[in-house]
Amino acid sequence: MTSATHSTLFPQVPDSADAVLDGLDPEQREVAMALQGPVCVLAGAGTGKTRAITHRIAYGVRAGIIQPTSVLAVTFTNRAAGEMRGRLRQLGAGGVQARTFHSAALRQLQYFWPKAVGGDLPRLLERKVQLVAEAAARCGIRLDRNELRDVTSEIEWAKVTQTVPADYPAVVAKSQRDAPRDPAEISQVYAMYEQLKRDRTVIDFEDVLLLTVGILQDRHDIADHVRRQYQHFVVDEYQDVSPLQQRLLDLWLGDRDNLCVVGDASQTIYSFTGATPDHLLNFRTRHPRATVVKLVRDYRSTPQVVHLANGLLGQARGRAAEHRLELVSQRERGPEPAYTEYADEPAEAEGTARRIRDLIAAGVPAGEIAVLYRVNSQSEVYEQALADAGVPYQLRGAERFFERAEVREAGVALRGAARAGGNDSLLDDAQGLPAEVRAVLSTKGWRSEPPTGSGAVRDRWESLAALVRLAEDFEQARPGATLSDLVAELDERAAAQHAPTVQGVTLASLHSAKGLEWDAVFLVGLTEGMMPITYAKTDEQIEEERRLLYVGVTRACFHLSLSWSLARSPGGRAGRRPSRFLNGLRPGSAAPGSRGAAGGSGGIERPVAARRKRRGPALCRVCGRTLTDAGEMKLMRCDDCPSDMDEALYERLRDWRAVRAQEISQPAYCVFTDKTLMAIAEAVPGSEGELAGIPGVGARKLGRFGAAVLDICAGGDGVEEPAEADEEM
């Protein structure tokens with residue numbers, strides 16, 4: 001897909017079927033014109049697979065070969081399905097159904113349930129964790145929060161692999177799966193969970209697929225009804241299909257073969273959910289007449305990034321590796337990937353934040369930068385470091401854009417203003433569509449400058465600002481567009497979940513970054529035990545970790561940075577090693593199986609902070625416990641240890657910070673974070689040296705704000721006296 005962070009564009013709908021093919025490369029065009037029979041598209045990262053399959057559908061519809069209502073395109077996330085609908089609409093094929101497997105199955109289940117079973121469809125259980133917890137309790141099994149999450153995921157895996165509770169222990173043993181608890185216990189909890197669902201007449205998301213499969217298997221009349229409706233099927237990300245989803249797809253198809261699948265075995269990273277690339281790899285065996293097209297022209301990444309990606313896969317083993325695609329970059333040359341070694345995790349986070357700040361200063365938009373890590377728990381130290389550096393950020397995985405309360409409220413306000421037209425006094429002085437939108441949204445909290453804070457207030461402003469930018473793009477693409485036109489566009493985008501851009505550096509796990517791209521990507525925490533993750537034991541699990549890193553590398557368009565730290569906390573034992581996946585690729589490292597390193601330190605950067613004198617571990621100044629949490633290390637005490645903070649000083653510092661942030665037009669956390677202010681109010685520094693020793697007060701902030709902070713600590717108001725004017729001009 002194209003970058004989710006690029007500015008929204010509004011291309012003109014092609015005026016003919018042939019015009020739909022304009023701009024496609026030879027292989028993409030071959031995909032677009034292969035409208036009959038089984039088609040298998042092997043598409044590498046950044047090769048335009050979504051472009052190819054949406055143009056294929058649109059070409060068939062616009063040429064009159066395919067009826068739009070006869071097409072069912074399925075993928076795996078609401079975002080991907082929304083993007084597909086948005087692209088099809090822009091190509092003049094808006095009547096096509098593009099859904100996730102679960103959404104398509106739920107729609108059919110709701111429609112056919114009264115006929116197949118009778119009565120109302122059982123209520124859908126949105127979150128199964130609470131019911132799993134109750135099931136475990138009834139079985140006399142204690143699960144902590146992490147175990148509860150893991151057992152819930154294990155039940156989901158069992159269901160999508162069509163494993164019933166009684167068979168679960170045997171299946172785990174046969175597959176050598178690493179179960180999070182004793183398989184017999186999980187089997188017991190799984191059985192009780194299913195019983196509780198039956199007792200309460202509820203179903204979960206996996207049941208949606210299972211029940212739809214059951215109805216289509218048992219009721220041939222209903223299966224025939226579905227097959228008359230849909231004659232053409234497209235499956236995106238086919239390497240992620242589970243056995244249950246494949247069974248549903250087979251039932252939709254019947255004895256027909258108008259199926260187009262798109263995938264890349266080298267991007268199989270969800271096997272823990274039941275996904276398997278076997279269906280993609282066996283496609284030509286099941287469909288000997290299939291048209292097979294390979295997309296290897298990489299339009300996303302520079303030759304330097306592509307070279308590293310190909311190198312990663314060049315070391316891979318296993319069946320998926322045998323079918324890897326050698327990408328060929330279509331872009332101009334760019335900078336070499338940067339490799340950086342740090343002393344500890346806070347130093348890595350601070351160094352990453354500095355590099356990001358430099359990129360933004362050089363003109364790279366914050367929305368075109370991402371920090372990607374293996375597990376979500378790694379995000380906190382980067383949130384803190386970016387806040388300290390004055391860099392806005394957003395965590396990936398928040399609720400969908402059009403479901404946010406402020407976006408819904410804005411939609412109502414814009415719709416009302418559009419209906420009122422010239423009778424709305426808000427629009428009296430507004431000239432042009434963007435000005436009208438700004439005027440309306442000003443009643444909902446939008447201002448020309450961002451608020452001086454973070455959290456919910458900042459998130460609300462960012463949402464409204466995204467709507468303002470959308471209006472600006474819309475007017476530029478369609479001069480003379482009215483507020484009513486924009487409201488119609490927003491309604492269509494909401495239906496398609498085609499969200500506009502929210503600015504800020506993206507913090508995301510490698511799994512959640514799949515399908516996205518950024519101009520600059522920072523891959524952090526690349527150490528043994530994290531990449532590959534410590535619980536990856538088997539060869540297959542190790543190879544999936546390699547593919548996960550490959551996905552991370554191929555998210556980068558231009559700038560790519562890879563980093564690791566030798567210790568977790570400052571002064572900790574420097575016993576970590578860089579990820580084995582970088583051996584033979586990073587400068588100075590030996591290729592797997594070879595002797596010695598390929599030269600000295602090569603191009604690996606070791607910041608001065610990594611060579612500083614080793615300090616002892618950070619200890620809580622109250623109870624003496626070793627500190628590892630970034631926020632606790634900033635305060636030099638455990639969160640639950642008593643604080644000796646000067647509350648009045650803390651409030652004066654907060655008041656000063658609010659004024660200072662407004663003066664420099666930055667969020668408050670860009671001056672100092674709350675934790676840093678708390679640390680200052682606890683230490684009450686009396687000199688620059690003491691202030692500089694507080695984590696979060698770097699040299700830049702010391703020079704910029706140090707005098708005012710010390711003045712406040714001494715009882716002053718932190719207001720600098722204006723310099724006296726020179727009498728002689």
Salt bridge check: are [X] and [Y] linked by an N-O gap of less than 4.0 Å?
X: R300; Y: E517; result: yes
X: E341; Y: R576; result: no
X: E472; Y: R469; result: no

Sub-4.5 Å side-chain heavy-atom contact between [X] and [Y]:
X: D150; Y: E147; result: no
X: S442; Y: R447; result: yes
X: S563; Y: F522; result: no
X: V305; Y: R331; result: no
X: R149; Y: V129; result: no
X: L549; Y: L526; result: yes
X: L516; Y: W518; result: yes
X: L386; Y: L507; result: yes

* **Over 12 non-hydrogen atoms of neighbours within 6.0 angstrom of CD in Q130** => no
* To do: Determine, step by step, whether L308 and L562 satisfy the side-chain contact (heavy atoms from CB on, under 4.5 Å) criterion, reporting the C-alpha distance in whole Å, the side-chain angles of both residues, the deciding distance to 0.1 Å, and the verdict.
  => CA-CA 11 Å; L308 176 56; L562 304 95; 4.0 Å; yes
Keeping [X] on the side-chain end and [Y] on the backbone end, is there a donor-acceptor pair under 3.5 Å?
X: H559; Y: P335; value: no
X: S579; Y: M531; value: yes
X: R657; Y: V671; value: no
X: S301; Y: A556; value: yes

Considering all heavy atoms, the nearest [X]-[Y] contact:
X: L464; Y: G445; value: CD1-C, 3.9 Å
X: E688; Y: L702; value: O-CD1, 4.1 Å
X: L710; Y: G686; value: CD2-C, 4.1 Å
X: L467; Y: L441; value: CB-CD1, 4.0 Å
X: S565; Y: E345; value: OG-CG, 3.5 Å
X: A366; Y: I360; value: CB-CD1, 4.0 Å

* **Whether Y382 and Y373 hold their rings parallel, tilted or perpendicular, with breakpoints at 30° and 60°** => parallel
Could you state the interatomic distance from [atom1] ([X]) to [atom2] ([Y]), rounded to the nearest 0.5 Å?
X: E83; Y: T77; atom1: CD; atom2: OG1; value: 9.0 Å
X: Q378; Y: M530; atom1: CD; atom2: CE; value: 4.0 Å
X: T527; Y: R577; atom1: OG1; atom2: CZ; value: 9.5 Å
X: Y393; Y: E383; atom1: OH; atom2: CD; value: 4.0 Å
X: R654; Y: M678; atom1: CZ; atom2: CE; value: 10.5 Å
X: I269; Y: K514; atom1: CD1; atom2: NZ; value: 6.0 Å

* **Donor-acceptor side-chain pairing of W564 and E348 below 3.5 angstrom** => no
* To do: Go through the steps to decide whether Y550 and F581 satisfy the test side-chain contact (heavy atoms from CB on, under 4.5 Å), and finish with yes or no.
  => CA-CA 10 Å; Y550 171 80; F581 299 144; over 6 Å; no
* Mind running side-chain contact (heavy atoms from CB on, under 4.5 Å) on R374 and I533 for me, showing each step along the way? => CA-CA 8 Å; R374 177 61 180 83; I533 198 77; 3.8 Å; yes
* Could you give me the CA-CA distance, side-chain angles and deciding distance for D388 and K701, then say whether side-chain contact (heavy atoms from CB on, under 4.5 Å) is met? => CA-CA 9 Å; D388 287 345; K701 291 191 177 182; 4.0 Å; yes
* Scan L359, V391, T352 and name whichever one has a side chain to side chain contact (heavy atoms under 4.5 Å, CB included) with V505. => V391
